[in-house]
Number of protein chains: 2
Amino acid sequence: MIDVGFLGGPPAERADAAHNRRKILAAAAEMIAARGAEALSMDEVAKAAGVGVGTVYRRFGDRAALIYAVIDDRERRFQAGFLSGPPPLGPGAEPLPRIRAFLHALADRTEEQSDLLLTAETDSAYARFNDGSYALYQMHLAMLVARLDPRADSAYLADALLAPLAANLFRYQRHTRGMSLSRVKQGLDALAAGLAAAPASGSSAPPAPRD
Amino acid sequence: MIDVGFLGGPPAERADAAHNRRKILAAAAEMIAARGAEALSMDEVAKAAGVGVGTVYRRFGDRAALIYAVIDDRERRFQAGFLSGPPPLGPGAEPLPRIRAFLHALADRTEEQSDLLLTAETDSAYARFNDGSYALYQMHLAMLVARLDPRADSAYLADALLAPLAANLFRYQRHTRGMSLSRVKQGLDALAAGLAAAPASGSSAPPAPRD
DNA sequence: ATACTAAACGGAGAGTTCTCCGATTAACAA
DNA sequence: TTGTTAATCGGAGAACTCTCCGTTTAGTAT
């Protein structure tokens, strides 16, 4: 999602390409604001941006990626919050409170943009995991879980903590089942607390090689 | 998924309708076996079954539901296993071992049919939750979690335990990340063990009314 | 200025899912 | 049998997403 910019990485975008990217992004954002993400049609975006539909696809790959690009602004702020903001969300706090703060913040973010997230995640099966943000969340949580319990399978558990925040489940709980947002957060707390309380099952050996 | 058959329920299906349902189901199963679920096209199913595409949609609603219908056979056996089979999967065992057995069995099932499940779950946002099986799993797990810790939010936690078995995450872990099936199962074990070990956070009051 | 080339453009078209509604027919009563 | 009617049928068509590839153009070397 964020261009990390390898040295000698992809050659810079041509001026016309950059220009079109901005026009497309602006058009998409406006259409989503007006009619919701689900109603976003690639043909219409292209027309509104004054480019061909082929251009939209070359710039963004597919509809899910375009939607993630629209989200990007808020996403950057969220990332800054847990990477370098004040504790307990940022560095400095103990692992468990920090995991909780992260999950609460992610729940808030999911609540705010569940419409866009749902559309993007539904559009293509692996959209959620292919968006760079997911990898970042996963590594962040895995780091904290490992600090909480060095013997745990932190990579798996990070996925497992993120899984209940998939947009489809989240929205189903919030809107179809009518669960409150604070109830969701308390549920996530309970899940995280369990990881701190339970001894890692299985062998008592140190960080086993994982397959 | 399973027709529970209310008394005075929906009027019985007309003979031609039942006949067409069977033809459609057989055609779909064959095509999936031959070319995979993702390649299943509703037009082709209709043609192979010798009916119009409208008939396919009236009988099954959408592509996701058709795929779930194809799965149904194995699904019934799985349900029988945890509803009335021998312990630890069936009744009689302690809650925690039973939760573990259930999650392991569900992981096996997901492994076996991840192709079909992924396609169905990707097709429509809420397909997973709308299929009756999900509600059954959720109630089953909630019952066991409540027995494990009466103060926990068993309904939420049941969803949270099922979330990592969403087909898209499961396949991503298995095939893109290369995690082994047993690693997934151990991860689920750790999650479940946490619920048993951690005291339900929040007020120490008995089963609070949930919103 | 001019020529060159890799990148970008754009829209026709392939291939889907799902909807709509006039035509058809199963089931049943007389 | 025959008539009635509500359920069912089927395929044309609407609305999409995404691909392909001939055409155009930005950036650069001469």
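Just so it is clear, the model here is predicted, and its values are computed rather than measured. Each chain gets a letter, A, B and so on, in the order the sequences are listed, and its residues count up from 1.
Atom P of nucleotide C:dT16 and atom CZ of A:R63 are separated by 19 Å, given to the nearest angstrom. In this structure, B:F60 atom CZ and D:dC9 atom P are separated by 11 Å, rounded to whole Å. Rounding to whole angstrom units, CD of residue A:E38 and P of D:dC16 are separated by 11 Å. Regarding A:I24, its CD1 atom lies at a distance of 11 Å from the C1' atom of C:dG10, rounded to whole Å. One can place CE of A:M31 at 13 Å from C1' of D:dC16, the figure rounded to the nearest angstrom. Rounded to whole Å, atom C1' of C:dC9 lies 14 Å from atom NE2 of A:H19. When the C1' atom of D:dA12 is taken as reference, atom CG of B:D43 falls 11 Å away, rounded to whole Å. The CZ atom of A:R21 sits 15 Å away from the P atom of C:dG10 (whole-angstrom rounding).
The bend of the helix from C:dA1-D:dT30 to C:dA30-D:dT1, defined by the angle between the axes of its first five and last five pairs, stands at 0° to the nearest 10°.
A distance of 9.0 Å separates CG of B:L117 from CG of B:D131, quoted to the nearest 0.5 Å. Atom OH of A:Y68 sits about 8.0 Å away from atom OG of A:S133, to the nearest 0.5 Å.
Remark: A:D73 does not engage A:R77 in a salt bridge, criterion side-chain N to carboxylate O under 4.0 Å. By the 4.0 Å N-to-carboxylate-O rule, B:D72 lies close enough to B:R76 to be salt-bridged with it.
Side-chain atoms of B:M42 lie closest to C:dT17 of the nucleotides C:dA8, C:dT17, D:dC18.
Counting non-hydrogen atoms of neighbouring residues, nucleotides and ligands closer than 6.0 angstrom, the CE atom of B:M139 reaches no more than 12 such neighbours.
Ring to ring, B:Y137 and B:F129 are not that close: their centroids are 6.0 angstrom or more apart.
With hydrogens and angles ignored, the 3.5 Å screen pairs a side-chain donor or acceptor of B:T119 with a backbone N or O of B:D115.
At the phosphate of C:dC9, OP1 or OP2 sits under 4.0 Å from a side-chain N or O atom of A:R59. For D:dT17, one of the phosphate oxygens OP1 or OP2 lies less than 4.0 angstrom from a side-chain nitrogen or oxygen of A:S41. Side-chain nitrogen and oxygen atoms of B:T55 include none within less than 4.0 Å of the OP1 or OP2 phosphate oxygen of D:dT8. Phosphate proximity of C:dA8 to A:N20: absent, as no side-chain N or O sits under 4.0 Å from OP1 or OP2.
Annotation: side chain of B:M179 is in contact with side chain of A:D159 (closest heavy-atom distance under 4.5 Å). Residues B:R171 and B:T110 fail the side-chain proximity criterion, which asks for heavy atoms closer than 4.5 Å.
Along DNA chain C, the nucleotide nearest to A:A18 and the one nearest to B:A39 differ in position, and the one closer to the 5' end is contacted by A:A18.
In this structure, A:L66 reaches neither bases nor backbone, as no heavy-atom distance under 4.0 Å exists between it and the strands shown.
In this structure, A:R183 is not positioned above the aromatic face of B:Y156 in the sense of NZ or CZ being under 6.0 Å from the six-membered ring centre and within 45° of the axis.
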Could you run down the sub-3.5 Å N/O contacts of the protein with nucleotides 26-28 of chain D?
unit_1: D:dA26; atom_1: O4'; unit_2: A:R14; atom_2: NE; d: 3.4
unit_1: D:dA26; atom_1: O4'; unit_2: A:R14; atom_2: NH2; d: 3.4
unit_1: D:dG27; atom_1: OP1; unit_2: A:A15; atom_2: N; d: 3.2

